Amino acid sequence: MSAEQQHRDGQAADPGPRSLAQALRERDDASLAALLRARPDLLHPVPADVTQLATRAGTRASVLRALEHLDRFSLQAAEALAVAPDPASYEELLGLLAGDDGDEEVAGALPAAVALLRDRALVWGGADRLRLVRTARELLAPSASHSSPTGLGPSVAEATSGMSPGRIQTILAAAGLPGTHDAVSAVAALSALFADRERVAELLDQAPEASREVLGRLVWGPPYGQVTAEPAAHLRWLLDRGLLLPTTPGTVVLPREAALSLRGGRAHRVPEPTRPRVAVAAERKPRVVDAAAGGQALAALATVEELLRSWDEGGPAVLRAGGLSIRDLKRTAGTLEVPEPVAAFWVELAYGAGLIAADGGYLEERHDRARDDEADGADDEGGREARPRRRTGEAEHYAPTPEYDAWRDLPPAERWAWLAEAWLPGTRTPGLIGGRDGRDRTLSALGPGLDRSPAPEVRRRVLELMAELEPGEAPDPASLLQRLRWERPLRSAGTRREPPAPPRTGARPAYGGGVEANNPEALRTRLTEWALLEAEMLGVSGRGALTTHGRALLGAAGRSEGAGAGTAAAGSGAEPPRAAVVAALLAPLLPEPLDHVLLQADLTAVAPGPLVRPLAEALAVLADVESTGGATVYRFTPGSVRRALDAGRSATELHTFLAQHSRTPVPQPLTYLIDDVARRHGLLRVGAASSYVRCDDEAVLDEILADRRAAALRPRRLAPTVVAARTDPRTLIEGLRAMGFAPAAESAEGDVLVARAHAHRTPPRTPPAPVPDGPPAPDATLLTAAVRAVRAGDRAATTPRKDTSGAEAPGGLPRTSAAETLATVQAAAMTGDSLWIGHVNAEGAASQRLLAPLRVEGGYVTGYDHTADEVRTYALHRITGVAELAEEAGGADQAR
């Protein structure tokens, strides 16, 4: 027995419910919970009863959201029901999808599609009376002005609704049908003619070839065409016989019945009952995939660290409209040595992970200055620390957050897990940067307008489809995109667009460039391409295949509650947090940080791998990074050595540091370089007069005064060893360094000031919250409570009330005197009966409650409220009146 025959046999004798509310009322609690889980918008707020639930399920916004979450075949079934008679039988629906010749795949998949539509409350009724909810029919059915997504137009009855009876009789005569006495029977006869395949074929055998060509162009849609006031003969032939019917002046349409006959009964040209299979583009060994991803993960960490290090003392300014300027993005791309769109991805990733943010500008700069003032009194290695200050009222800038310091202290694998957890659920879409928004404004990095709510769903679904393949198998991007389109075919309100062409197999699409704001399907296509590229750049996938730690990441979409990094704190339960699992799987793929470098005679040092943090920080001060990659090359220059001396290091300490951390002997040129710079460093002392220079060697001061480049500093000799200048100390120091000297700053007490870079941090910031794509998915507790509330409210709403003979308005609150109310409630408490009560709360809101009183004392009545499905207490003075239940309802209540 076939699946559809079993489906029909199970429901053929059942006429089905008379309304959607009745259909929902007959469901069990598990089915209602499944509906609320699939359509969470129905839960906000929780419906009072089943009738309100059914009403809300039929609203336009809710139906649109439900249609958008159907797969392609279920949507095709709904579209076929929209062009079928209302109600339609299961056989009629099957005929529209499978056609006159039948289709085994369609027949096998249709019961599941109909069941899904029922579960989503889009279809109700028995097998012989399937009904699409009214709003869905309005969205998907054709009309006189637009076709349906199937490409079918209006029916004969709809297209001829405004046509004169005489014109209809003329069409009947031209089509070879006998005349009728009224327009209704004439339209029915014409509809029956076009629905008969054999009679339509006989009619078209008489048609000119040009007429058949016109029908061939209209049959699969759109069914509308333009005609002139004097149509050609082949068009006149079709108009005379009703195969083309006028809709508006100059526009004609092919009737639905005729189109279905020409299509062989199919509502869709290509039904898609089975989900497309994701093809495998390449097969690789899983360990090769993991190793490649491990290297990319290490590169991702290095890139983010370099970005944050470059912004450590305060990054670019925030644009007035928000975001990063094009110039600053180009400068950041140059620092990271990546293209600008890729740099935008890393900037947005750090922002989404909560590692960078805007510093807040004016108010928070005053806080930074106060903090600096407090730190000015601290001595360090015999000198006072000089911190640069930012002026009050300075513009807002981007800078690392305090979370950056916590992130930097984590092991590399946990730092990567932090970034990956921020990437997976994030709604900010870096690929849009450089495009235009709905107001034709350029979208900038870190600016507004980059959130796209479908992004997390697409990103996660791409990884899930990759995870369904065998380890080491890389999916074909074109087949992956085709599968996603099958799962989410409809992405706009009541319209269908032709999807853009899929990417070529093996092609690597460009990152960034923007998408049209009003083209959801194009955006979804680009989101899929970007998800694949970002996963590869981040190290979630390797060589196109999902990694072992990438599969574990699918269960770690958010950070562990209460842990700043999501990985630094272990869970309280026996099972470790998912992020910890991801980090544990990635850790063996990352090389251990090294505590040594290789010094070379050309004044460079080679770090053959990642360095431990203290060594990396010290080396970053002593040398300049010349190149990065698998190995990092540092170059020593007079300026870099002077930077280390300015930071408080002595020449002896630098020699000891290099000897301890080099696997090769310290080259002699490097030793000479350090000694030469150290010999001249601090020979000159600069202080504040406006400023001054003092030096024990009078010849050096003579040299300065004789140098033409010193004229801008306006020096004047005050003593044999002191020269004053009419400029601030910082400018004086920079001018002397430009002349080839190595001065050192000193305090008012004559101590050398240790100049260290000031790590600027923003105040505590929270990462940007993702923009949800609709209401959040409810948990089991909320679903259970919601179903209980709906059931309780439905029982209360459907319980009949005893006739009060006009004591209250129909449907109004019960009205009784205070004495009668008290007596009735006391009697019900003694007998265990239930009552209808009218209640007005402290805010003045009136409601009716079905109450089973348990206790009456102190001016309050306590009882089981069937409406709320819980025990509640009500003040008697707030009860407007009581009404007893009808006899049959009271008996049912006692039985419960």
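Keep in mind that what you see is a predicted model, and the values were worked out from it rather than measured.
- Note that the CZ atom of Arg524 and the CZ atom of Arg488 stand 6.5 Å from one another [nearest 0.5 Å].
- Contact detail for Ala54 and Leu20: the closest heavy-atom pair is O-CD2, 3.9 Å.
- Of the inter-residue distances, the one linking Leu484 atom CG with Leu465 atom CG reads 5.5 Å to the nearest 0.5 angstrom.
- Using a 4.5 Å heavy-atom cutoff, the side chains of Pro454 and Leu527 are in contact.
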* Quick one: do Arg436 and Arg441 satisfy side-chain contact (heavy atoms from CB on, under 4.5 Å)? Show the steps, please. => CA-CA 5 Å; Arg436 315 291 291 186; Arg441 296 175 301 190; 5.6 Å; no

* To do: Under the side-chain contact (heavy atoms from CB on, under 4.5 Å) rule, what do Leu93 and Leu130 come out as? Steps first, then yes or no, please.
  => CA-CA 9 Å; Leu93 176 60; Leu130 294 174; 4.1 Å; yes

* **Test side-chain contact (heavy atoms from CB on, under 4.5 Å) applied to Leu243 and Leu204, step by step** => CA-CA 10 Å; Leu243 288 169; Leu204 291 180; 3.8 Å; yes

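- Between the side chain of Ser261 and the backbone N or O of Phe194 there is at least one donor-acceptor pair closer than 3.5 Å.
- Between Arg461 and Glu487 there is a salt bridge, since a side-chain N of the basic residue sits under 4.0 Å from a carboxylate O of the acidic one.
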* To do: Take Arg236 and Glu230 through the test salt bridge (Lys or Arg N to Asp or Glu O under 4.0 Å) and record every step on the way to the result.
  => CA-CA 9 Å; Arg236 174 56 61 187; Glu230 295 294 333; 5.6 Å; no

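- Using a distance-only test at 3.5 Å, with no hydrogens or angles considered, a donor-acceptor pair links the side chain of Arg263 to the main chain of Val219.
- Using a cut-off of 4.0 Å between Lys/Arg side-chain N and Asp/Glu carboxylate O, Glu529 and Arg526 are scored as salt-bridged.
- Evaluated for a side chain to side chain contact (heavy atoms under 4.5 Å, CB included) with Pro475, the options Leu481, Leu469, Val462 yield exactly one hit, Leu469.
- The shortest side-chain heavy-atom distance between Leu96 and Leu260 falls under the 4.5 Å cut-off.
- When all heavy atoms of Ser444 and Leu450 are compared, the pair lying nearest together is O-CD1, 3.5 Å.
- Here the CG-CG distance, from Leu193 to Leu172, works out to 9.0 Å after rounding to the nearest 0.5 Å.
- Applying side chain to side chain contact (heavy atoms under 4.5 Å, CB included) to Leu97 and the options Leu81, Asp103, Val106 leaves one that passes, Val106.
- The main-chain N or O of Gly426 is found under 3.5 Å from a side-chain atom of Arg459 such that the two form a donor-acceptor pair.
- Around CZ of Arg18, the count of heavy atoms belonging to other residues, nucleotides or ligands within 6.0 Å does not exceed 12.
- A salt bridge does not link Arg60 with Glu138: none of the charged nitrogens is closer than 4.0 Å to a carboxylate oxygen.
- The backbone N or O of Pro17 sits nowhere less than 3.5 Å from a side-chain atom of Glu26 that would complete a donor-acceptor pair.
- Side chain of Arg27 to backbone of Asp119: a donor-acceptor contact under 3.5 angstrom is found.
- One side chain, Thr427 or Asp451, offers a donor N or O that lies under 3.5 Å from an acceptor on the other.
- Side chains of Leu523 and Leu432 form a contact here, defined as non-hydrogen atoms less than 4.5 Å apart.
- The shortest distance between side-chain heavy atoms of Leu117 and Leu70 falls below 4.5 Å.
- The nearest pair of heavy atoms linking Ala455 to Thr429 is CB-OG1, 4.0 Å.
- Note on Arg131 versus Asp86: salt bridge recorded, some NZ/NE/NH1/NH2 to OD/OE distance being below 4.0 Å.
- Here the side chains of Met163 and Pro246 are in contact, with some heavy-atom distance below 4.5 Å.
- Note that CZ of Arg485 is 11.0 Å distant from CG of Leu480, once rounded to the nearest 0.5 Å.
- At a threshold of 4.5 Å between non-hydrogen side-chain atoms, the residues Val252 and Leu238 do not count as touching.
- When only modelled atom types and interatomic distance are considered, Arg167 and Thr160 share no side-chain donor-acceptor pair under 3.5 Å.
- Side chains of Thr528 and Thr525: a donor-acceptor N/O pair is absent below 3.5 angstrom, by distance only.
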* Mind running side chain to side chain donor-acceptor pair (under 3.5 Å) on Asp41 and Ser62 for me, showing each step along the way? => CA-CA 7 Å; Asp41 56 291; Ser62 182; 2.6 Å; yes

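- Ser479 places no side-chain N or O within 3.5 Å of a backbone atom of Val278 that could act as its donor or acceptor partner.
- Closest approach of Leu239 and Leu244 over heavy atoms only: CD2-O, 3.4 Å.
- For the atom pair CD (Glu272) and CG (Leu75), the distance works out to 10.5 Å, reported to the nearest 0.5 Å.
- Applying the salt bridge (charged side-chain N to carboxylate O under 4.0 Å, His left out) criterion to Arg217, with sequence neighbours excluded, gives no partner residue.
- Between Arg25 and Val50, the shortest heavy-atom contact is N-CG1, 3.7 Å.
- The residues Arg72 and Glu79 are annotated as not salt-bridged, no charged nitrogen and carboxylate oxygen being separated by less than 4.0 angstrom.
- With Arg129 contributing its side chain and Ala88 its backbone, the two residues share no donor-acceptor pair below 3.5 Å.
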Donor-acceptor pairs are to be reported for all side-chain atoms of residues 176-186 against protein atoms at under 3.5 Å, with residues two or more places apart or in another chain.
from, atom 1, to, atom 2, distance (Å)
Thr180, OG1, Gln169, NE2, 3.0
Thr180, OG1, Asp182, O, 2.9
Thr180, OG1, Ser185, OG, 3.3
Thr180, OG1, Ala186, N, 3.4
Asp182, OD1, Val184, N, 3.1
Asp182, OD1, Ser185, N, 2.8
Asp182, OD1, Ser185, OG, 3.2
Asp182, OD2, Ser185, OG, 3.2
Ser185, OG, Asp182, O, 3.0

* For the pair Arg212 and Glu209, evaluate salt bridge (Lys or Arg N to Asp or Glu O under 4.0 Å) and give the outcome as yes or no after the intermediate values. => CA-CA 5 Å; Arg212 290 195 292 268; Glu209 181 65 26; 2.7 Å; yes

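- Counting non-hydrogen atoms of other residues, nucleotides and ligands closer than 6.0 Å to CG of Asp205 gives a total above 12.
- Tyr224 and Val253 get closest at one heavy-atom pair: CE2-CG2, 3.5 Å.
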* To do: Please step through side-chain contact (heavy atoms from CB on, under 4.5 Å) for the pair Arg460 and Leu424, ending with a clear verdict.
  => CA-CA 7 Å; Arg460 172 171 283 277; Leu424 189 57; 3.4 Å; yes

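- Residues Gln76 and Pro149 have side chains not in contact (no heavy-atom distance under 4.5 Å, counting atoms from C-beta outward).
- Taking 4.5 Å as the limit, every side-chain heavy atom of Leu64 sits out of range of all side-chain heavy atoms of Thr135.
- With Ser211 contributing its side chain and His234 its backbone, the two residues share a donor-acceptor pair below 3.5 Å.
- In this structure, the separation between CG on Leu110 and CD on Glu105 is 13.0 Å, given to the nearest 0.5 Å.
- Using a distance-only test at 3.5 Å, with no hydrogens or angles considered, no donor-acceptor pair links the side chain of Ser74 to the main chain of Asp71.
- Looking at Thr150, its side chain never comes within 3.5 Å of a backbone N or O of His268 through a donor-acceptor pair.
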